[in-house]
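Chain naming here is simple, since letters A, B, ... match the order of the sequence lines and numbering starts at 1 in each.
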2 protein chains.
Amino acid sequence: MDDVKGSAGLPATVVFRLGTLGALAGDRFAEKIEVYDLKVKHVGLMTVLSLGPAVSQQDLAAKMGVAPSLVVSLADHLETLGAVQRVRDPQDRRRQVLTLTAHGRDLLDKCATEARALDEEFTAALAPDQVAALRQALSVLSAEAGLP
Amino acid sequence: MDDVKGSAGLPATVVFRLGTLGALAGDRFAEKIEVYDLKVKHVGLMTVLSLGPAVSQQDLAAKMGVAPSLVVSLADHLETLGAVQRVRDPQDRRRQVLTLTAHGRDLLDKCATEARALDEEFTAALAPDQVAALRQALSVLSAEAGLP
DNA sequence: GTGAATCATTCAAACTCTGAACGATTCTGA
DNA sequence: TCAGAATCGTTCAGAGTTTGAATGATTCAC
(Lines give C-alpha, C1' and ligand atoms only; values in the text may rest on other atoms or scores of the structure.)
Protein backbone atom coordinates (compact mmCIF):
# COMPACT_ATOMS: atom_id res chain seq x y z
CA MET A 1 0.00 0.00 0.00
CA ASP A 2 2.79 2.39 -0.78
CA ASP A 3 2.88 5.21 -3.32
CA VAL A 4 -0.61 6.49 -2.83
CA LYS A 5 -0.28 9.19 -5.44
CA GLY A 6 0.48 8.13 -9.03
CA SER A 7 3.07 5.34 -9.22
CA ALA A 8 6.71 5.60 -8.22
CA GLY A 9 8.50 8.61 -6.83
CA LEU A 10 10.88 11.01 -8.49
CA PRO A 11 14.09 9.13 -7.68
CA ALA A 12 12.84 6.11 -9.58
CA THR A 13 12.50 7.98 -12.87
CA VAL A 14 15.01 7.60 -15.66
CA VAL A 15 15.28 11.37 -15.95
CA PHE A 16 16.23 11.78 -12.30
CA ARG A 17 18.75 8.96 -12.43
CA LEU A 18 20.32 10.23 -15.63
CA GLY A 19 20.60 13.68 -14.10
CA THR A 20 22.22 12.62 -10.84
CA LEU A 21 24.45 9.92 -12.30
CA GLY A 22 25.39 12.21 -15.18
CA ALA A 23 26.45 14.93 -12.78
CA LEU A 24 28.50 12.44 -10.81
CA ALA A 25 30.10 11.01 -13.93
CA GLY A 26 30.89 14.49 -15.19
CA ASP A 27 32.52 15.51 -11.92
CA ARG A 28 34.64 12.40 -11.80
CA PHE A 29 35.67 12.78 -15.41
CA ALA A 30 36.53 16.43 -14.77
CA GLU A 31 38.94 15.38 -12.04
CA LYS A 32 40.64 12.90 -14.34
CA ILE A 33 41.26 15.37 -17.14
CA GLU A 34 42.45 18.14 -14.86
CA VAL A 35 45.95 16.82 -15.42
CA TYR A 36 45.75 17.74 -19.10
CA ASP A 37 44.54 21.26 -18.30
CA LEU A 38 41.19 20.42 -19.84
CA LYS A 39 37.60 20.98 -18.76
CA VAL A 40 34.70 18.83 -19.82
CA LYS A 41 33.59 21.30 -22.47
CA HIS A 42 37.05 21.32 -24.05
CA VAL A 43 36.77 17.59 -24.49
CA GLY A 44 33.28 18.09 -25.85
CA LEU A 45 34.59 20.46 -28.47
CA MET A 46 37.40 18.13 -29.45
CA THR A 47 34.99 15.23 -29.63
CA VAL A 48 32.73 17.08 -32.05
CA LEU A 49 35.77 17.97 -34.14
CA SER A 50 36.93 14.35 -34.17
CA LEU A 51 33.59 13.20 -35.50
CA GLY A 52 33.68 15.35 -38.59
CA PRO A 53 34.84 18.72 -39.81
CA ALA A 54 32.98 21.75 -38.54
CA VAL A 55 32.19 24.37 -41.13
CA SER A 56 32.61 27.22 -38.69
CA GLN A 57 32.76 28.02 -35.02
CA GLN A 58 29.08 28.85 -35.16
CA ASP A 59 28.40 25.43 -36.58
CA LEU A 60 30.44 24.05 -33.72
CA ALA A 61 28.48 26.09 -31.20
CA ALA A 62 25.21 24.79 -32.61
CA LYS A 63 26.41 21.20 -32.46
CA MET A 64 27.50 21.70 -28.87
CA GLY A 65 24.35 23.54 -27.86
CA VAL A 66 26.33 26.46 -26.59
CA ALA A 67 26.83 30.17 -27.33
CA PRO A 68 29.32 31.03 -30.10
CA SER A 69 31.19 33.29 -27.71
CA LEU A 70 31.91 30.31 -25.51
CA VAL A 71 33.40 28.40 -28.42
CA VAL A 72 35.82 31.27 -28.85
CA SER A 73 37.25 30.95 -25.36
CA LEU A 74 37.27 27.16 -25.47
CA ALA A 75 39.08 27.23 -28.81
CA ASP A 76 41.48 29.87 -27.49
CA HIS A 77 42.55 27.59 -24.72
CA LEU A 78 42.78 24.53 -26.93
CA GLU A 79 44.87 26.53 -29.37
CA THR A 80 47.35 27.56 -26.68
CA LEU A 81 47.58 23.87 -25.75
CA GLY A 82 48.34 23.08 -29.38
CA ALA A 83 45.37 20.75 -29.52
CA VAL A 84 43.53 22.68 -32.16
CA GLN A 85 44.41 24.77 -35.17
CA ARG A 86 42.52 27.80 -36.38
CA VAL A 87 42.59 28.34 -40.13
CA ARG A 88 40.69 30.99 -42.04
CA ASP A 89 38.49 29.44 -44.66
CA PRO A 90 39.82 30.67 -48.04
CA GLN A 91 36.33 30.23 -49.52
CA ASP A 92 34.79 32.44 -46.84
CA ARG A 93 37.29 34.47 -44.93
CA ARG A 94 34.84 35.28 -42.16
CA ARG A 95 35.01 31.69 -41.05
CA GLN A 96 37.59 30.12 -38.78
CA VAL A 97 37.92 26.43 -39.49
CA LEU A 98 39.03 24.47 -36.46
CA THR A 99 40.94 21.23 -36.88
CA LEU A 100 42.37 18.81 -34.38
CA THR A 101 46.14 18.64 -34.41
CA ALA A 102 48.04 15.40 -33.86
CA HIS A 103 48.50 16.49 -30.28
CA GLY A 104 44.79 17.15 -30.03
CA ARG A 105 43.99 13.65 -31.19
CA ASP A 106 46.50 12.28 -28.74
CA LEU A 107 44.92 14.28 -25.94
CA LEU A 108 41.48 13.06 -26.91
CA ASP A 109 42.75 9.49 -26.87
CA LYS A 110 44.07 9.98 -23.38
CA CYS A 111 40.68 11.31 -22.31
CA ALA A 112 38.97 8.31 -23.86
CA THR A 113 41.30 6.04 -21.92
CA GLU A 114 40.40 7.82 -18.70
CA ALA A 115 36.74 7.48 -19.54
CA ARG A 116 37.07 3.76 -20.16
CA ALA A 117 38.84 3.36 -16.84
CA LEU A 118 35.99 5.23 -15.16
CA ASP A 119 33.54 2.97 -16.96
CA GLU A 120 35.17 -0.01 -15.30
CA GLU A 121 34.74 1.50 -11.86
CA PHE A 122 31.26 2.76 -12.53
CA THR A 123 29.86 -0.48 -13.88
CA ALA A 124 31.77 -2.80 -11.55
CA ALA A 125 28.59 -3.66 -9.67
CA LEU A 126 26.79 -4.70 -12.86
CA ALA A 127 26.74 -8.09 -14.50
CA PRO A 128 28.30 -8.20 -17.98
CA ASP A 129 24.95 -8.56 -19.70
CA GLN A 130 23.61 -5.66 -17.66
CA VAL A 131 26.47 -3.50 -18.86
CA ALA A 132 25.76 -4.51 -22.43
CA ALA A 133 22.08 -3.69 -22.03
CA LEU A 134 22.93 -0.34 -20.44
CA ARG A 135 25.32 0.55 -23.27
CA GLN A 136 22.74 -0.43 -25.85
CA ALA A 137 19.98 1.61 -24.24
CA LEU A 138 22.16 4.68 -23.74
CA SER A 139 23.33 4.39 -27.31
CA VAL A 140 19.76 4.48 -28.59
CA LEU A 141 18.87 7.43 -26.38
CA SER A 142 21.94 9.36 -27.54
CA ALA A 143 21.18 8.71 -31.18
CA GLU A 144 17.57 9.72 -30.64
CA ALA A 145 18.65 12.98 -29.03
CA GLY A 146 21.14 13.72 -31.80
CA LEU A 147 24.08 13.41 -29.45
CA PRO A 148 27.48 12.04 -30.46
CA MET B 1 40.30 -1.96 -39.31
CA ASP B 2 38.93 0.92 -37.40
CA ASP B 3 39.91 2.23 -34.00
CA VAL B 4 43.63 1.82 -34.30
CA LYS B 5 44.28 3.12 -30.79
CA GLY B 6 42.77 1.24 -27.85
CA SER B 7 39.18 0.13 -28.49
CA ALA B 8 36.18 2.42 -28.88
CA GLY B 9 36.12 6.21 -28.78
CA LEU B 10 35.02 8.53 -26.06
CA PRO B 11 31.39 8.88 -27.18
CA ALA B 12 30.89 5.16 -26.78
CA THR B 13 31.73 5.17 -23.08
CA VAL B 14 29.06 4.95 -20.42
CA VAL B 15 30.58 7.94 -18.64
CA PHE B 16 30.31 10.17 -21.70
CA ARG B 17 26.76 9.06 -22.41
CA LEU B 18 25.65 9.54 -18.82
CA GLY B 19 27.21 12.98 -18.85
CA THR B 20 25.61 14.20 -22.06
CA LEU B 21 22.23 12.55 -21.56
CA GLY B 22 22.21 13.64 -17.94
CA ALA B 23 22.80 17.25 -18.93
CA LEU B 24 20.04 17.04 -21.50
CA ALA B 25 17.63 15.43 -19.07
CA GLY B 26 18.47 18.04 -16.45
CA ASP B 27 17.86 20.91 -18.86
CA ARG B 28 14.54 19.51 -19.99
CA PHE B 29 13.43 18.87 -16.46
CA ALA B 30 14.48 22.40 -15.48
CA GLU B 31 12.17 23.79 -18.16
CA LYS B 32 9.27 21.73 -16.89
CA ILE B 33 9.58 22.86 -13.27
CA GLU B 34 10.12 26.51 -14.13
CA VAL B 35 6.35 26.90 -13.80
CA TYR B 36 6.55 26.07 -10.11
CA ASP B 37 9.35 28.58 -9.56
CA LEU B 38 11.72 25.73 -8.81
CA LYS B 39 15.24 24.90 -9.92
CA VAL B 40 16.66 21.42 -10.10
CA LYS B 41 18.49 21.80 -6.79
CA HIS B 42 15.31 22.82 -5.02
CA VAL B 43 13.77 19.57 -6.13
CA GLY B 44 16.92 17.77 -5.04
CA LEU B 45 16.58 19.23 -1.57
CA MET B 46 12.91 18.34 -1.33
CA THR B 47 13.66 14.84 -2.55
CA VAL B 48 16.23 14.29 0.16
CA LEU B 49 13.75 15.59 2.73
CA SER B 50 11.03 13.29 1.43
CA LEU B 51 13.29 10.26 1.85
CA GLY B 52 13.86 10.78 5.53
CA PRO B 53 14.30 13.49 8.12
CA ALA B 54 17.49 15.51 7.97
CA VAL B 55 19.13 16.18 11.30
CA SER B 56 20.35 19.60 10.26
CA GLN B 57 21.01 21.75 7.23
CA GLN B 58 24.61 20.61 7.33
CA ASP B 59 23.45 17.03 7.20
CA LEU B 60 21.32 18.02 4.24
CA ALA B 61 24.28 19.71 2.57
CA ALA B 62 26.38 16.59 3.02
CA LYS B 63 23.65 14.39 1.55
CA MET B 64 23.34 16.73 -1.42
CA GLY B 65 27.07 17.08 -1.92
CA VAL B 66 26.83 20.82 -1.70
CA ALA B 67 28.05 23.68 0.51
CA PRO B 68 25.97 24.43 3.62
CA SER B 69 25.66 28.04 2.52
CA LEU B 70 23.86 26.89 -0.61
CA VAL B 71 21.34 24.95 1.43
CA VAL B 72 20.52 28.19 3.21
CA SER B 73 19.50 29.99 0.04
CA LEU B 74 17.70 26.96 -1.37
CA ALA B 75 15.78 26.55 1.88
CA ASP B 76 15.07 30.28 1.98
CA HIS B 77 13.37 30.09 -1.38
CA LEU B 78 11.48 26.91 -0.54
CA GLU B 79 10.33 28.52 2.67
CA THR B 80 8.93 31.55 0.89
CA LEU B 81 7.11 29.13 -1.40
CA GLY B 82 5.67 27.45 1.66
CA ALA B 83 7.15 24.13 0.59
CA VAL B 84 9.38 23.75 3.58
CA GLN B 85 9.26 24.63 7.23
CA ARG B 86 12.21 25.64 9.38
CA VAL B 87 11.98 24.63 13.02
CA ARG B 88 14.67 25.08 15.62
CA ASP B 89 15.60 21.77 17.17
CA PRO B 90 14.66 22.05 20.89
CA GLN B 91 17.36 19.48 21.70
CA ASP B 92 20.03 21.54 19.99
CA ARG B 93 19.01 25.07 19.31
CA ARG B 94 21.84 25.64 16.83
CA ARG B 95 20.09 23.35 14.42
CA GLN B 96 17.34 24.21 11.99
CA VAL B 97 15.24 21.18 11.20
CA LEU B 98 13.68 21.34 7.77
CA THR B 99 10.46 19.52 7.05
CA LEU B 100 8.33 19.27 3.95
CA THR B 101 4.95 20.90 4.27
CA ALA B 102 1.83 19.47 2.67
CA HIS B 103 2.32 21.96 -0.12
CA GLY B 104 5.92 20.83 -0.47
CA ARG B 105 4.84 17.22 -0.85
CA ASP B 106 2.27 18.31 -3.39
CA LEU B 107 4.90 20.25 -5.31
CA LEU B 108 7.23 17.28 -5.25
CA ASP B 109 4.45 15.08 -6.57
CA LYS B 110 3.91 17.47 -9.45
CA CYS B 111 7.62 17.35 -10.24
CA ALA B 112 7.54 13.56 -10.19
CA THR B 113 4.64 13.64 -12.62
CA GLU B 114 6.62 15.90 -14.95
CA ALA B 115 9.58 13.55 -14.68
CA ARG B 116 7.47 10.54 -15.55
CA ALA B 117 6.08 12.37 -18.56
CA LEU B 118 9.63 13.17 -19.65
CA ASP B 119 10.52 9.51 -19.15
CA GLU B 120 7.86 8.60 -21.66
CA GLU B 121 9.30 10.93 -24.26
CA PHE B 122 12.86 10.02 -23.49
CA THR B 123 12.43 6.28 -23.69
CA ALA B 124 9.91 6.27 -26.53
CA ALA B 125 12.49 4.82 -28.91
CA LEU B 126 13.24 1.90 -26.60
CA ALA B 127 11.52 -1.44 -26.44
CA PRO B 128 9.74 -2.16 -23.15
CA ASP B 129 12.32 -4.72 -22.07
CA GLN B 130 15.07 -2.25 -22.93
CA VAL B 131 13.47 0.33 -20.69
CA ALA B 132 13.23 -2.21 -17.90
CA ALA B 133 16.88 -3.14 -18.34
CA LEU B 134 17.88 0.53 -18.36
CA ARG B 135 15.93 1.24 -15.19
CA GLN B 136 17.44 -1.77 -13.48
CA ALA B 137 21.00 -0.83 -14.44
CA LEU B 138 20.58 2.83 -13.45
CA SER B 139 19.04 1.74 -10.18
CA VAL B 140 22.08 -0.39 -9.35
CA LEU B 141 24.47 2.40 -10.29
CA SER B 142 22.58 4.90 -8.15
CA ALA B 143 22.54 2.59 -5.17
CA GLU B 144 26.24 1.90 -5.63
CA ALA B 145 26.99 5.62 -5.69
CA GLY B 146 24.87 6.26 -2.62
CA LEU B 147 22.39 8.36 -4.57
CA PRO B 148 18.63 8.48 -3.81
C1' DG C 1 27.61 48.77 -55.80
C1' DT C 2 24.92 49.19 -51.70
C1' DG C 3 22.48 47.43 -47.86
C1' DA C 4 21.47 43.24 -45.36
C1' DA C 5 23.24 39.16 -43.46
C1' DT C 6 26.86 36.24 -41.40
C1' DC C 7 31.05 35.38 -38.95
C1' DA C 8 34.48 35.81 -34.98
C1' DT C 9 35.57 38.39 -31.18
C1' DT C 10 35.19 41.26 -27.03
C1' DC C 11 33.04 42.62 -23.00
C1' DA C 12 29.82 43.46 -19.40
C1' DA C 13 26.60 41.14 -16.84
C1' DA C 14 23.74 37.16 -14.96
C1' DC C 15 23.86 33.01 -12.59
C1' DT C 16 25.49 29.40 -9.56
C1' DC C 17 28.32 27.92 -6.11
C1' DT C 18 31.98 28.11 -2.69
C1' DG C 19 34.85 29.46 1.32
C1' DA C 20 35.84 32.59 4.82
C1' DA C 21 34.00 35.26 8.17
C1' DC C 22 30.65 35.95 12.27
C1' DG C 23 27.29 35.33 16.15
C1' DA C 24 24.82 31.94 18.63
C1' DT C 25 24.78 27.65 20.87
C1' DT C 26 26.62 23.39 22.68
C1' DC C 27 30.27 20.41 24.19
C1' DT C 28 34.65 19.25 26.76
C1' DG C 29 37.54 18.75 30.50
C1' DA C 30 39.80 20.68 34.32
C1' DT D 1 31.41 25.69 37.30
C1' DC D 2 33.31 27.61 33.72
C1' DA D 3 36.59 28.78 29.94
C1' DG D 4 37.94 27.35 25.45
C1' DA D 5 37.04 24.43 21.48
C1' DA D 6 33.69 22.82 18.33
C1' DT D 7 29.37 23.01 15.65
C1' DC D 8 25.45 25.26 13.49
C1' DG D 9 23.22 28.68 10.47
C1' DT D 10 23.86 32.78 8.10
C1' DT D 11 26.00 36.50 5.44
C1' DC D 12 28.92 38.11 2.08
C1' DA D 13 32.53 38.69 -1.17
C1' DG D 14 34.37 36.47 -4.90
C1' DA D 15 35.55 32.65 -8.25
C1' DG D 16 33.91 30.15 -12.27
C1' DT D 17 30.91 29.53 -16.14
C1' DT D 18 27.86 30.99 -19.66
C1' DT D 19 25.19 34.20 -22.19
C1' DG D 20 23.76 38.27 -25.02
C1' DA D 21 24.64 42.59 -26.89
C1' DA D 22 27.92 45.27 -29.19
C1' DT D 23 31.74 45.71 -32.93
C1' DG D 24 34.43 45.08 -37.06
C1' DA D 25 35.36 42.26 -40.99
C1' DT D 26 33.63 39.82 -44.79
C1' DT D 27 30.21 37.98 -47.94
C1' DC D 28 25.67 37.76 -50.07
C1' DA D 29 21.49 39.47 -52.67
C1' DC D 30 19.59 42.34 -55.72
Side-chain angles (χ1 to χ4, degrees), chain A residues 19-20 22-24 26-31 33-34 36-46 48-49 53-81 84-99, chain B residues 19-20 22-24 26-31 33-34 37-46 48-49 53-80 84-99:
Chain A
T20 51
L24 179 60
D27 287 349
R28 296 251 241 126
F29 185 65
E31 290 173 10
I33 62 179
E34 222 176 10
Y36 306 118
D37 201 6
L38 292 174
K39 309 268 185 177
V40 174
K41 298 247 158 167
H42 294 130
V43 179
L45 195 158
M46 290 196 290
V48 173
L49 279 187
V55 187
S56 63
Q57 291 183 185
Q58 304 235 345
D59 180 30
L60 212 43
K63 285 177 180 173
M64 293 179 64
V66 114
S69 55
L70 182 56
V71 174
V72 174
S73 62
L74 292 175
D76 279 350
H77 187 240
L78 289 173
E79 202 176 19
T80 65
L81 290 183
V84 140
Q85 215 174 359
R86 255 195 263 243
V87 178
R88 283 237 169 257
D89 183 353
Q91 258 68 46
D92 185 341
R93 305 208 346 267
R94 287 171 302 182
R95 292 177 167 162
Q96 294 272 38
V97 179
L98 293 183
T99 53
Chain B
T20 52
L24 179 61
D27 287 350
R28 296 252 241 126
F29 184 66
E31 290 173 11
I33 63 177
E34 220 175 10
D37 200 6
L38 292 174
K39 310 268 184 177
V40 174
K41 299 248 160 169
H42 294 130
V43 180
L45 196 159
M46 289 195 291
V48 172
L49 279 188
V55 187
S56 63
Q57 291 185 188
Q58 303 235 348
D59 180 30
L60 212 44
K63 284 177 179 172
M64 295 180 63
V66 113
S69 56
L70 182 57
V71 173
V72 174
S73 62
L74 293 175
D76 279 351
H77 187 241
L78 288 174
E79 202 176 19
T80 65
V84 139
Q85 213 174 0
R86 256 196 261 242
V87 179
R88 283 237 169 256
D89 184 352
Q91 258 67 47
D92 185 341
R93 304 202 354 261
R94 289 171 301 181
R95 291 177 169 163
Q96 294 273 38
V97 178
L98 294 183
T99 53

Start and end of the DNA chain D segment that chain B contacts, any atom under 4.0 Å from a heavy atom: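 Counting from the 5' end, contacts occupy D/dA6 to D/dT11.
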
Counting C-beta onward and ignoring hydrogens, is there a side-chain heavy-atom pair between [X] and [Y] closer than 4.5 Å?
X: A/L81; Y: A/L38; result: yes
X: A/Y36; Y: A/V43; result: no
X: B/V55; Y: B/D92; result: no
X: A/R88; Y: A/V97; result: no

5'-most by nearest nucleotide on DNA chain D - A/V66 or A/R93: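 That would be A/V66.
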
Base-contact (B) and sugar-phosphate-only (S) positions in nucleotides 7-12 of chain C, heavy-atom cut-off under 4.0 Å, - elsewhere: BBBB--

Considering all heavy atoms, the nearest A/L45-A/A75 contact: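 Minimum heavy-atom separation between A/L45 and A/A75: CD1-N, 4.2 Å.
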
Phosphate OP1/OP2 of C/dC15: any B/K39 side-chain N/O under 4.0 Å: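 For C/dC15, OP1/OP2 do not have a side-chain N/O of B/K39 under 4.0 Å.
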
Atom-pair distance (CE on B/M64; C1' on C/dT18), nearest Å: 14 Å

d(CG, A/D89; P, C/dT6) in whole Å: 17 Å

Residues forming a side-chain hydrogen bond (donor to acceptor under 3.5 Å, both in side chains) with A/R86, sequence neighbours excluded: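 In terms of side-chain hydrogen bond (donor to acceptor under 3.5 Å, both in side chains), with neighbours along the sequence ignored, A/R86 is linked to A/Q57, A/D76, A/E79.
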
Stepwise salt bridge (charged side-chain N to carboxylate O under 4.0 Å, His left out) test for B/K63 and B/D59: CA-CA 6 Å; B/K63 284 177 179 172; B/D59 180 30; 3.5 Å; yes

Any donor-acceptor N/O pair, A/H77 side chain to A/L74 backbone, under 3.5 Å: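 Flag not set: sc A/H77 to bb A/L74 has no pair under 3.5 Å.
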
